[in-house]
Asks: 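I'd like to ask you about the structure that follows.
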Amino acid sequence: MRDTEGPREPVSPPPQFHTDETGTALYASPPSPGQPLDADLVRAALGAAGYGDWAIIDEGMKALTRGQEGDAPVLLARALDGAMALKIQGKGREAVLHLDPPQGGQPVTLEQVREALAQQGVVHGIDEAALEAAVEAGKQAPQEVVVAEATPPEHGEDTRFEPLVPEAHDRRPRVDERGRVDYRDLGGVVQVSPGTPLMRRHPATPGTPGRDIFGGVIPSKPGKEYAFDAHLRNAERDPEDPDLLRAAIQGVPSVVDRGVMVDDLLQVDGVDLSVGHLTFDGTVQIRHDVVEGMHVEATGDIHVGGMVEGARLEAGGDIVVHKGVVGRLDQGEPTAVLRAGGGVSAHFIENGRVEAHHLLVREQLVHCHVSVRQSVMIGPEGARKGQIMGGEVRAGHLVDCRLLGGPNGPHTVVAVGLDPQAQDRLAAVEAQLEEKRRLQEELDKALRFAHAHPERVKPDFLERAGNTLAQTREAMAALEAEREERMQALQQAQGACIQVRGRAYPGVEVRIGDRVRRLSNESVGGLFLLREGEIIFDHAL
């Protein structure tokens, strides 16, 4: 059989290798002067000769592959030891070790790394396991590992106030792990007798300092110390235990910031013209209806066993309406108004204005203006109703309903992610701060004048003006702290959402933070939430 492949090209012999006297530089001599060599052949020859992991010098390789004239040896490769770099980051908070593997030389040893740590003064938080693993892995591949970390400080806790009685503002339907609401379990009205323990004050803690990787102390911040509120009704500190608050009378407790108040309980059959408007320092229980045009104000809770018809109810605690709330529009404003420092719950609300901490409605919310700091829940789990239709509903964190809008229904706006009252409160605090600043400036000027001209002021002026200035500065410090809290309350869009368990209809306007989305199509249930700055509708409920 005839050979069809043709004559084969002769294979070039590999170069000859030898090292210098240090054994770290490798020279190659071409087999024939001026004869170019294939780079793959040279690399294969290096591997066969035991130099495959050495660092190849580009100029030497080029000289061999283009055919260097003469028989002078070419510097082709070097044996390089492994290298390391130790970086201190975060002002002594961590040490990061970078390792490069050797190329024909010796790897970085554990002793070398420990010596480098010692030279840079790293003595605390060294992770020996990570250090040893990095050195071993660094023999084969580059590594970058945190080998020492500071121990962070544990900051102190602010004064904590522990209620010892059920909170009046916490009487609301219970939500289980699956989000189901039991509207029958609202709890009863809590009452206490004289001497009943109401609240325990736990003093602030100092915190525990940390240590940086150099062994230096990282100071901790002590917690802020707060006393019981000085204006608590019908509650007093235990004379033998000043951190314990007790009831002074028989009544209904209401948990407030830094304390508990105890209020009497007022019970009436109904609120109409025969009774007149009600203003009560405590909790009001109304067995039947509140008729149109009437006002009920209470510092505690308001419980209504019947209907609320176009009336105004204002409570420092909760408002509970066992039937419904029906108002009408008067020059565009709802006549039924419910304002609560705690929660509002009702069977249904139509043409109403609601301002509260949270809102629970069993059936429908129709043509209402709602502004709550936390959540709006319309309809229990599995209900056929539970609809928001028309009006505007604003909540700080969550709106949960079965139906949002309606077929050919009125324009409906639902917004979450901004405390609807925080902006107003922030503006009021800033106005008070500005007023205190002006007063402070005036007092400073007056005191400077008095010190310069003591003969022109009354003898007790300096003392009185100094006391007023101290009180002004104390008030300004409290206002600054409140201003910071109000500003934080305005930044809660992340995590806020609108849950629709049934359908969302076209024409609904959804707002989360400062983002707006208008629905153009009918959608099945899902979750409106903010993702990467845009409102999305996630159907995976």
Asks: Taking the side chain as every heavy atom from C-beta outward, state whether Val296 and Ile286 have any atom pair closer than 4.5 Å.
Replies: yes

Asks: At what distance, to the nearest 0.5 angstrom, does CG of Leu403 lie from CD1 of Ile378?
Replies: 11.5 Å

Asks: Taking the side chain as every heavy atom from C-beta outward, state whether Met389 and Tyr505 have any pair of such atoms under 4.5 Å apart.
Replies: no

Asks: With a 4.5 Å cut-off on side-chain heavy atoms, are Gln374 and Leu398 touching?
Replies: no

Asks: Please round to the nearest 0.5 Å and tell me the distance separating atom OG of Ser375 and atom CG of Leu360.
Replies: 6.5 Å

Asks: Using the test salt bridge (Lys or Arg N to Asp or Glu O under 4.0 Å), find all partners of Glu522 that sit at least two apart in sequence or belong to another chain.
Replies: Arg503

Asks: If you define the side chain from C-beta out and look only at heavy atoms, does anything of Arg211 sit under 4.5 Å from Val217?
Replies: yes

Asks: Do the side chains of Leu519 and Phe528 get nearer than 4.5 Å, heavy atoms only?
Replies: yes

Asks: With sequence neighbours left out, which residue pairs that include part of residues 461-479 fulfil the side chain to side chain donor-acceptor pair (under 3.5 Å) condition?
Replies: Asp460-Arg464

Asks: If you draw a 6.0 Å radius around CG in Leu329, do more than 12 non-hydrogen atoms from other residues or ligands fall strictly inside?
Replies: yes

Asks: Got a sec, which pairs hit side chain to side chain donor-acceptor pair (under 3.5 Å) with one end in residues 440-458, sequence neighbours left out?
Replies: none

Asks: Is the side chain of Asp318 donor-acceptor paired with the backbone N or O of Val320 at a distance under 3.5 Å, no angle test?
Replies: no

Asks: Please evaluate residues Gln285 and His303 with respect to the criterion side chain to side chain donor-acceptor pair (under 3.5 Å), reporting the C-alpha separation (whole Å), side-chain torsions for both, the decisive distance (0.1 Å), and the verdict.
Replies: CA-CA 5 Å; Gln285 287 192 336; His303 290 256; 5.0 Å; no

Asks: Any salt bridge between Arg312 and Glu297, counting N to O under 4.0 Å?
Replies: yes

Asks: Could you list all the salt bridge (Lys or Arg N to Asp or Glu O under 4.0 Å) pairs where at least one residue sits in residues 228-239, not counting sequence neighbours?
Replies: Arg233-Asp263, Arg233-Asp281, Asp238-Arg246

Asks: Indicate yes or no: does Asp241 engage Arg200 in a salt bridge with an N to O separation below 4.0 Å.
Replies: yes

Asks: What's the separation between atom CZ in Arg517 and atom CD in Glu509, rounded to the nearest 0.5 Å?
Replies: 12.5 Å

Asks: For Arg93, does the CZ atom have more than 12 heavy-atom neighbours from other residues, nucleotides or ligands under 6.0 Å away?
Replies: no

Asks: Leu529 vs Ile498, test: side-chain contact (heavy atoms from CB on, under 4.5 Å). Steps then yes/no.
Replies: CA-CA 7 Å; Leu529 48 84; Ile498 299 167; over 6 Å; no

Asks: Using a 3.5 Å cut-off and no angle test, enumerate the donor-acceptor pairs between side-chain atoms of residues 220-228 and protein atoms at least two apart in sequence or in another chain.
Replies:
from, atom 1, to, atom 2, distance (Å)
Glu225, OE2, Thr159, OG1, 3.0
Glu225, OE2, Arg201, NH2, 2.4
Glu225, OE2, Ala204, N, 3.2

Asks: Is there side-chain contact between Arg287 and Gln267, with at least one heavy-atom pair below 4.5 Å?
Replies: yes

Asks: Examine distances only and state if a side-chain atom of His277 and a backbone atom of His295 form a donor-acceptor pair shorter than 3.5 Å.
Replies: yes

Asks: For residues Pro203 and Asp243, determine if any side-chain heavy atom of one lies less than 4.5 Å from a side-chain heavy atom of the other.
Replies: yes

Asks: Determine, step by step, whether Glu162 and His202 satisfy the side chain to side chain donor-acceptor pair (under 3.5 Å) criterion, reporting the C-alpha distance in whole Å, the side-chain angles of both residues, the deciding distance to 0.1 Å, and the verdict.
Replies: CA-CA 8 Å; Glu162 177 190 6; His202 298 274; 2.8 Å; yes

Asks: Enumerate the salt bridge (Lys or Arg N to Asp or Glu O under 4.0 Å) contacts for residues 320-341, please, sequence neighbours excluded, ordered by first and then second residue.
Replies: Glu292-Arg328, Glu314-Arg339, Glu333-Arg353, Arg339-Glu355

Asks: Assess whether a salt bridge exists between Asp400 and Arg501, defined as any Lys/Arg side-chain N lying under 4.0 Å from an Asp/Glu carboxylate O.
Replies: yes

Asks: Do Arg437 and Glu435 meet the salt-bridge criterion of a basic N to acidic O distance under 4.0 Å?
Replies: no

Asks: Quick one, Leu164 and Leu198 - any side-chain contact, counting heavy atoms below 4.5 Å?
Replies: no

Asks: Donor-acceptor check, side chain of Thr412 to backbone of Pro410, threshold 3.5 angstrom: yes or no?
Replies: yes

